Amino acid sequence: MALVEVKVPDIGDISEVAVIELLVKPGDTVKAEQSLITVESDKASMEIPSSTAGVVKELKVKLGDKVSEGSVVLVLEAEGSGESEAPAPAPAPAAQAPSPAPAAQTQAPAPAASEPSAPATSPSGPVEVHVPDIGDFKDVAVIEVLVKPGDTVKVEQSLITVESDKASMEIPSSTAGVVKEVKVKLGDKVNIGDLLLILEGAAASASSAAPAPSAQAPAAAAQTPAPSSVAGEGRGEGQPAKGEASAAPHDPTKPPIGLPYASPSVRKFARELGVPLEEVKGSGIKGRITQEDIQGFTKAVMAGSTRTKAQGAAAPAAGGGTGGGELGLIPWPKVDFAKFGPIERKEMSRIKKISGANLLRNAVMIPAVTNHDDADITDLEAFRVSTNKENEKSGVKVTMLAFLIKACVSALKKFPEFNSSLDGDALIYKNFWHIGFAADTPNGLVVPVIKNADQKGVLQISQEMGELAKKARDGKLGPADMSGATFTISSLGGIGGRYFTPIINAPEVAILGVCRSTTEPVWDGKQFQPRLMLPLSLTWDHRVIDGAAAARFNAYLGQILGDFRRVLL
Ligand code: CAO
């Protein structure tokens, strides 16, 4: 029995796609052509078939991995004498996983609005939009029509979703304009060159999907592919239930096992809103989940008529879950501001949208209390300044925040419930100390994490913080940089202010806010002394922590910051 490596075949112009589904597991018997994994780009998802029949020995990819042509998917013990009995169907992958031309084309020229390139050839009358080259796709079914007459479409905007038995992809518009007539309907079979719709006021582009920028194509933040760093949190809705990936060939008439039946853009939309796709009922063909289904689900959750499973699970810990009634809030005020003066509408950044949803949940669901206190950091600041003078040449600047991180680790060790998380009626105590710090970036608030802060010195913490803060400002933080925090510090010390009430970063149970230190007169029993005082604001989850413990935590933190030698005790 020969061992055969099954690799990702030619997947067109897409360089890297994410593995969103594993359809087989070690021990499974697979047939030649059987789907092994599902991969997804921004606009297309496709299944990667096996080139050979055999028994799966080892999977070489896992969910979330990025693969490209030639990546090894798994190792098979080939059936019989290997190649002769199971001829590798070299051309098959191309046929099974058709060259996703539209996806590749739509990804490449994304920033249409911002690139000052050649003007559209001719703003003109009606323009026909046809199905572009979709590789080996033939007679593919239209499963979603994403626009209707009267809609304004941008270049690259998805018009329809088509689906073969192994892949679904969205067909983008080659041209911007207003939809005059849609020439296809659900269930139609289309091929390359078929007429999709007629646009009016269109700026015809040179080629099918190599769009000329159009004045009607503003950069839409929501359409930018979500970098995994932020959207990664939402991944998981596509994860197959363990053990469900069966050895039986995948039935193309059914939704993929464990994967919510929705197009890539709908899945992305759901991820951006934090909607658990598997809980949404699809109203499309074969139960397919549409964008409207996601919107309907979100509205129902916001109106309180539906709860997500996560909300349901959290409910008992949040106060019994039943008997409290829904929030019963009156609707958000809708005001036509233009009636009162000139206005400008700007889409919020993706980070703001995501963090906004998280902050709202945390503010609403956590019975949070904030204790304010002051720490005397006169000696610590003098030490910091002298350390920085001594280390001037090293290039690493020791920051007050680095001392705070170290001091917090000591306090967290002394008061372990501050380093815990709620799990139903139980508390999970974490024996690791990963400290998040809020970083202000041009696109919004992010929270990079200093891992194992207990094992690091203040110099190393300062250096890592500097690197992470730079990555944050450059928008380059990855999911690993922002996950695993057990406690968070939000420092406004470099900016100003006295005290504030930070919102807990769930599932953590406390957060420390720090403001600008000022020199104040402090009574030493005999006289007033000028002391540098640091305002501390500790917000804590009252389900886990009591006011007395919070006051002790702050007092202890103050003692450490007042005399840092205590960290060694
Ligand atoms: N009191 C007085 N001065 C302080 C101080 C404090 N508590 N903390 C920092 N400073 C000083 C620093 O010493 C530095 O002064 P010099 O340039 O003279 O040395 C200056 O303020 C700037 O510090 P910094 O802000 O660049 O560095 P930091 O280590 O304090 O903070 C970071 C780094 C990433 C936390 C910060 O840049 C940031 O983004 N802060 C905002 C966090 C935030 O938005 N929180 C709110 C969340 S809720 O919406």
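Residue numbers count from 1 along this sequence. Every number for a ligand or one of its atoms is a count from 1 in the order of the listing. Side chains are part of it too, since the values below use all heavy atoms of this structure and drop only hydrogens, waters and symmetry mates. Not measured: the values here are computed from a predicted model.
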Problem - Check ion pair K451-E464 (N to O, under 4.0 angstrom) - result: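 So K451 does not pair with E464 through a salt bridge.
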Handout entry: Pairs satisfying salt bridge (Lys or Arg N to Asp or Glu O under 4.0 Å), at least one member in residues 494-518, at least two apart
Key = R498-E520
Problem - R384/E381 ion pair, N-O < 4.0 Å - result: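 A salt bridge is present here (some side-chain N lies under 4.0 Å from a carboxylate O).
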Problem - Heavy-atom pair of closest approach, residues I503 and N362 - result: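 Nearest heavy atoms, I503 then N362: CG2-CB, 3.8 Å.
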Problem - Listed partners of D376 passing salt bridge (Lys or Arg N to Asp or Glu O under 4.0 Å), at least two apart - result: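 Counting only residues at least two positions away or on another chain, D376 forms a salt bridge (Lys or Arg N to Asp or Glu O under 4.0 Å) with R531.
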Exercise for the section: Would you please name every residue forming a side chain to side chain contact (heavy atoms under 4.5 Å, CB included) with Q527, sequence neighbours left out? Expected result: D524, Q529
Between the protein and ligand 1, which nitrogen or oxygen pairs come in under 3.5 Å, and how far apart is each?
{"residue": "ligand 1", "atom": "1 (N)", "partner": "S517", "partner atom": "N", "Å": "2.9"}
{"residue": "ligand 1", "atom": "1 (N)", "partner": "S517", "partner atom": "OG", "Å": "3.0"}
{"residue": "ligand 1", "atom": "7 (N)", "partner": "C515", "partner atom": "O", "Å": "3.0"}
{"residue": "ligand 1", "atom": "13 (O)", "partner": "R384", "partner atom": "NH2", "Å": "3.3"}
{"residue": "ligand 1", "atom": "17 (O)", "partner": "K397", "partner atom": "NZ", "Å": "3.3"}
{"residue": "ligand 1", "atom": "19 (O)", "partner": "K397", "partner atom": "NZ", "Å": "2.8"}
{"residue": "ligand 1", "atom": "39 (O)", "partner": "D440", "partner atom": "N", "Å": "2.8"}
{"residue": "ligand 1", "atom": "40 (N)", "partner": "S491", "partner atom": "O", "Å": "3.2"}
{"residue": "ligand 1", "atom": "45 (N)", "partner": "S490", "partner atom": "OG", "Å": "2.9"}

